[in-house]
Number of protein chains: 4
Amino acid sequence: MASTKRRASRLSPEKRTADILVAARAVFAERGYNDMVMSEIAERAGVVEGSIYRYFRNKRDLMFRMAEAWFEEMIEDDAATLAAIEGTRNRLRFIIHRHLRSIHQQPDMSRLVFQHLRPEPDYRDTRLFALNRAYTARVSEVVAAGMKAGEIRSGLSPTLVRDVIFGSIEHRTWAFLRNEGDYDVDGLADQVLDLVWRGLEAPREAASTQEILGRIEALLSDRAPS
Amino acid sequence: MASTKRRASRLSPEKRTADILVAARAVFAERGYNDMVMSEIAERAGVVEGSIYRYFRNKRDLMFRMAEAWFEEMIEDDAATLAAIEGTRNRLRFIIHRHLRSIHQQPDMSRLVFQHLRPEPDYRDTRLFALNRAYTARVSEVVAAGMKAGEIRSGLSPTLVRDVIFGSIEHRTWAFLRNEGDYDVDGLADQVLDLVWRGLEAPREAASTQEILGRIEALLSDRAPS
Amino acid sequence: MASTKRRASRLSPEKRTADILVAARAVFAERGYNDMVMSEIAERAGVVEGSIYRYFRNKRDLMFRMAEAWFEEMIEDDAATLAAIEGTRNRLRFIIHRHLRSIHQQPDMSRLVFQHLRPEPDYRDTRLFALNRAYTARVSEVVAAGMKAGEIRSGLSPTLVRDVIFGSIEHRTWAFLRNEGDYDVDGLADQVLDLVWRGLEAPREAASTQEILGRIEALLSDRAPS
Amino acid sequence: MASTKRRASRLSPEKRTADILVAARAVFAERGYNDMVMSEIAERAGVVEGSIYRYFRNKRDLMFRMAEAWFEEMIEDDAATLAAIEGTRNRLRFIIHRHLRSIHQQPDMSRLVFQHLRPEPDYRDTRLFALNRAYTARVSEVVAAGMKAGEIRSGLSPTLVRDVIFGSIEHRTWAFLRNEGDYDVDGLADQVLDLVWRGLEAPREAASTQEILGRIEALLSDRAPS
DNA sequence: AATGAATGAGGATTCATTCAT
DNA sequence: TATGAATGAATCCTCATTCAT
């Protein structure tokens with residue numbers, strides 16, 4: 001019986017790493033967090049288990065890298081879009097909508113990050129942390145800019161706004177992530193935005209009243225009999 | 001040959017259950033989620049491993065019961081207090097403050113619920129779910145009441161408000177739960193409340209309108225025809 | 001297909017421990033240090049792998065316990081014999097002979113102790129260390145007693161004598177433990193004893209002097225004047 | 001596309017071998033036996049893992065070569081010294097002292113040889129064996145010479161003396177090699193020598209007595225009356 | 001001669017849960 | 001009701017060595 005063993009072709013580390021990540025993501029999508037075993041990933045990637053460890057320190061590292069790749073895609077995809085959107089409110093809506101959409105499209109990956117990776121003790125030293133921070137920092141930045149432009153009332157903590165937005169969304173979508181029902185991305189985005197925006201926007205009431213009065217007075221005095 | 005073994009004294013099931021829960025909570029506090037092993041709980045509770053299974057279906061059940069006990073305490077403690085507080089804003093502040101305080105005082109238990117219990121697939125069929133729902137429903141109720149009273153603008157989803165509040169708080173406190181830094185319960189409660197309240201409160205346009213009408217009348221009467 | 005699984009009968013911990021030790025020793029004898037796998041030990045002992053870990057912390061512990069059992073047997077066996085032997089020289093010979101015989105009969109076990117267990121970093125905190133110390137201390141004790149009795153010259157360090165005896169034997173028998181040739185227990189015991197004893201025994205100068213005087217007197221009386 | 005990779009400069013095999021040996025020894029000194037990995041050796045030697053295998057059959061071979069280099073140094077260093085020492089006792093003391101000093105200065109290397117290399121099954125076919133034999137043979141040679149010169153009693157086995165000396169020393173120094181305490185090279189050398197020498201030296205008592213008696217008898221018979 | 005990517009075997013260990021006594 | 005001995009599944013990781021380039 002001839003041995004059918006064949007050495008995997010010699011690939012560049014980048015290609016091999018990418019292959020393994022793709023395989024890992026596929027296995028993860030199919031099996032979920034608990035049943036994602038290294039041997040299956042190796043098999044799919046067309047390498048031997050041991051080879052995975054040349055490119056990834058361990059399983060935990062592999063999972064982080066998986067999530068990092070996901071974040072990188074998202075951040076890159078959004079950059080151009082966000083740059084093209086004008087107005088604080090519109091930009092916030094985009095970010096909110098985007099997050100709701102990400103969760104909706106990639107519930108497994110979301111669960112991975114929310115439940116398993118983010119709570120890790122040394123998460124803060126992670127590249128994923130940096131990426132996630134960049135991802136959420138967009139809110140803080142938009143808020144800070146809006147504040148400068150007078151669209152958002154001053155005195156607010158931009159990072160608190162960030163936590164309100166992402167926290168709200170994630171709390172709202174837990175049921176979906178547990179496979180309990182669905183949600184409407186567009187509608188929910190509007191609801192969240194509405195609520196948050198009210199909390200943020202600079203008070204216009206006082207100014208309008210003055211304006212109204214001023215214009216009425218102006219009108220009346222114009223009409224004054226000569 | 002006399003056996004020197006001593007049988008555990010026969011206790012009432014309630015007492016036994018309580019003992020085990022106390023032991024479990026102690027072990028959990030000391031060892032954390034991953035290193036909480038049944039044998040140590042049994043030892044502390046003064047029973048044998050197998051006996052735990054007479055009172056708890058399995059470890060998962062035991063953990064849920066632990067968390068349920070925690071929630072029951074909180075809900076009960078708060079009932080009277082909340083009843084004594086008047087005003088929608090004040091009541092919301094209490095609930096926000098309360099949640100921030102719970103997390104601050106019981107980080108382990110919070111992590112257990114947020115990270116391990118709530119994401120469970122059949123969490124929804126759980127008594128913990130019901131308790132948690134009762135715990136968070138207080139927000140929805142207060143909001144609904146505030147809406148009726150005209151303090152809160154209509155058209156809002158009370159459950160969305162609930163998600164905004166608890167989501168914000170939990171997102172904000174993740175770092176703390178990872179043992180990264182601390183937070184100021186009072187200060188944070190005020191910040192969150194401020195932001196949320198702005199998003200909720202009914203517009204005071206009615207008042208401005210009155211003012212506008214009054215001043216118009218005044219102006220017009222000044223110009224009364226001679 | 002009927003399942004043929006059967007629970008192992010419930011045994012006393014002592015019996016079970018002994019069974020596992022016996023199995024371990026058998027596997028060790030057959031396979032040697034490197035190929036002694038837990039699964040085979042379990043199989044032979046009639047238990048499941050996991051059960052071994054109820055009685056032994058880990059494989060290392062199991063190996064130590066194996067060696068300890070061996071030492072206990074030896075020490076116990078010898079106690080009566082040694083008590084019955086009179087004379088420092090005879091007692092030393094017994095100990096030397098005994099050690100040579102142990103190595104000869106249990107080369108695997110000897111190798112285990114010499115090569116793998118004794119060099120362990122925390123060997124000193126081990127029960128095996130205590131037993132080994134008791135085993136070798138017999139030399140120190142006999143030497144100390146012999147010194148008191150004047151059979152052995154004073155000023156010697158009994159523990160050094162211990163090291164000389166056991167060190168010599170072990171150095172001499174390394175080749176045998178590597179499966180290179182054999183050795184003659186009796187003959188080697190005599191050789192070692194001879195060499196060591198010369199190093200130990202008190203000088204008999206007093207006796208020679210007596211002899212000299214006696215013979216001089218004899219000579220002189222022969223020549224008595226007629 | 002120009003490759004920026006730099007090929008290791010082409011060195012003479014002797015130099016490469018030496019470099020790798022130096023690197024191996026450094027890694028071994030830092031990491032110890034268990035954590036000495038080929039990749040680190042390669043890195044230090046400025047070559048790639050695979051290249052090591054051009055110069056050394058395998059890791060085992062590399063370790064043996066490491067130890068061999070050590071022995072060669074020692075043997076060479078000692079040759080002149082030993083030639084300059086006169087007297088059997090003095091020469092033995094030098095050898096004993098030397099061995100104690102070697103262990104004291106190179107505990108890692110000693111442990112390597114004693115624990116890992118010497119017990120190997122085919123150690124006897126090794127160059128290290130030959131070197132070690134040469135190293136220890138100095139004892140046998142000195143003993144044989146001393147026997148011829150009448151300083152050492154006849155009937156002894158020179159190789160047994162060798163085993164006594166090296167065995168004593170190694171048994172005595174095990175604790176030190178386990179990092180438990182230290183020892184005094186000079187003092188211990190004297191103690192060992194004292195004990196061993198007594199076991200070796202030719203008995204002068206008996207001979208002297210004979211001599212004394214003979215001379216007395218001769219004297220007396222000369223004086224016999226005619 | 002050098003590279004370095006790929007190989008691949010191999011086993012200890014944990015602990016929730018069960019069930020015969 | 002209590003006991004506690006027995007179960008048993010399930011997998012990550014290392015690293016010396018090879019060999020195509």
Side-chain angles (χ1 to χ4, degrees), chain A residues 5-13 15-16 34-42 46-60 62, chain B residues 5-11 13 16 34-42 46-60 62, chain C residues 5-13 15-16 34-42 46-60 62, chain D residues 5-11 13 16 34-42 46-60 62:
Chain A
K5 265 175 213 160
R6 217 203 315 181
R7 286 218 152 205
S9 56
R10 189 191 189 89
L11 261 52
S12 72
K15 173 65 178 144
R16 193 59 88 191
N34 283 316
D35 298 327
M36 171 189 178
V37 296
M38 297 303 271
S39 56
E40 192 175 350
I41 296 172
V47 295
V48 172
E49 279 185 65
S51 294
I52 296 180
Y53 290 85
R54 169 169 290 277
Y55 302 98
F56 301 90
R57 185 182 306 284
N58 49 35
K59 191 179 180 181
R60 184 182 172 281
L62 176 55
Chain B
K5 269 178 205 156
R6 190 148 47 115
R7 297 227 144 198
S9 55
R10 184 169 297 209
L11 262 52
R16 250 303 123 80
N34 283 316
D35 299 326
M36 172 189 181
V37 293
M38 296 301 271
S39 55
E40 191 175 352
I41 296 171
V47 297
V48 144
E49 296 184 60
S51 296
I52 295 180
Y53 290 84
R54 177 161 299 280
Y55 301 97
F56 299 90
R57 184 183 307 283
N58 49 35
K59 190 180 182 182
R60 185 179 170 283
L62 175 55
Chain C
K5 264 174 214 159
R6 218 201 317 180
R7 286 218 153 206
S9 57
R10 190 192 189 91
L11 261 53
S12 73
K15 172 65 178 144
R16 193 60 87 191
N34 283 316
D35 299 327
M36 170 190 180
V37 296
M38 298 301 272
S39 56
E40 191 174 352
I41 297 171
V47 295
V48 171
E49 282 184 64
S51 294
I52 296 180
Y53 290 85
R54 169 168 291 277
Y55 303 98
F56 301 90
R57 185 181 307 282
N58 49 37
K59 192 178 180 181
R60 184 181 171 281
L62 175 56
Chain D
K5 270 176 203 158
R6 193 147 45 115
R7 297 227 144 199
S9 55
R10 185 170 295 210
L11 264 53
R16 250 307 123 79
N34 283 316
D35 298 328
M36 173 189 181
V37 293
M38 297 300 272
S39 56
E40 191 174 352
I41 296 172
V47 297
V48 143
E49 296 185 60
S51 297
I52 295 180
Y53 290 84
R54 177 162 299 278
Y55 302 98
F56 300 90
R57 184 182 307 284
N58 50 34
K59 189 179 183 182
R60 185 179 169 282
L62 176 55

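Letters A, B, ... are given to chains in the order of the sequence lines, protein chains preceding strands, and every chain is numbered from 1.
- In this structure, the nucleotide among E:dC15, E:dA12, F:dT3 sitting nearest to the side chain of B:Val37 is E:dC15.
- Distance check, rounded to the nearest 0.5 Å: CD of A:Glu40 to CD of A:Glu49 gives 11.0 Å.
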Item to check | Base-pair map of DNA chain E as dot-bracket, where | denotes pairing with a different strand and pairs are Watson-Crick or G-U under 3.5 Å | outcome: .||||||||||||||||||||

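- Nearer the 5' end of DNA chain F, as judged by each residue's closest nucleotide, is the contact made by C:Tyr55, out of C:Tyr55 and A:Asn34.
- Counting heavy atoms from C-beta on, the side chains of B:Met38 and B:Leu62 come closer than 4.5 Å.
- Looking at the side chain of D:Met38, the nearest of the listed nucleotides F:dA16, E:dA12, E:dA2 is F:dA16.
- The listed nucleotides are E:dA6, E:dT17, F:dA5; the one nearest the side chain of B:Asn58 is E:dT17.
- Distance C:Asp35 CG to E:dG10 P: 9 Å, rounded to the nearest Å.
- For the pair A:Arg60 CZ and F:dC13 C1', the interatomic distance rounds to 16 Å; values are reported in whole Å.
- For the pair A:Ala42 and A:Val48, the tightest heavy-atom approach, listed with the atom from each and the gap, is CB-C, 3.8 Å.
- Of the candidate nucleotides F:dA16, E:dA6, F:dA2, F:dA16 has the atom nearest to the side chain of D:Lys59.
- Between A:Ser51 and C:Arg57, the one whose closest nucleotide on DNA chain E sits nearer the 5' end is A:Ser51.
- The environment of D:Arg60 atom CZ is dense: over 12 non-hydrogen atoms of other residues, nucleotides or ligands sit within 6.0 angstrom.
- In this structure, CD of C:Glu40 is placed 15 Å from C1' of E:dA12, rounded to the nearest angstrom.
- With hydrogens and angles ignored, no donor-acceptor pair under 3.5 angstrom links the side chain of B:Glu49 to the base of E:dC15.
- In this structure, the CZ atom of C:Arg54 is 16 Å from the P atom of E:dT18, given to the nearest Å.
- Distance CG (C:Leu11) to P (F:dG4): 16 Å, rounded to an integer number of Å.
- Taken to the nearest 0.5 Å, the NZ atom of B:Lys59 stands 6.5 Å off from the CD1 atom of B:Ile41.
- Residue C:Lys15 contributes atom NZ, which lies 16 Å from atom C1' of F:dA6 at whole-angstrom precision.
- Closest to the side chain of B:Arg16, out of F:dA2, E:dA5, F:dG8, is F:dA2.
- Here the nucleotide nearest the side chain of C:Tyr53, chosen from F:dG4, E:dA6, E:dA12, is E:dA12.
- Mapping D:Met36 and C:Ser12 onto DNA chain F by nearest heavy atom places C:Ser12 closer to the 5' end of the strand.
- Across the protein-nucleic acid pair, C:Ile41 atom CD1 and F:dA6 atom P stand 17 Å apart, rounded to whole Å.
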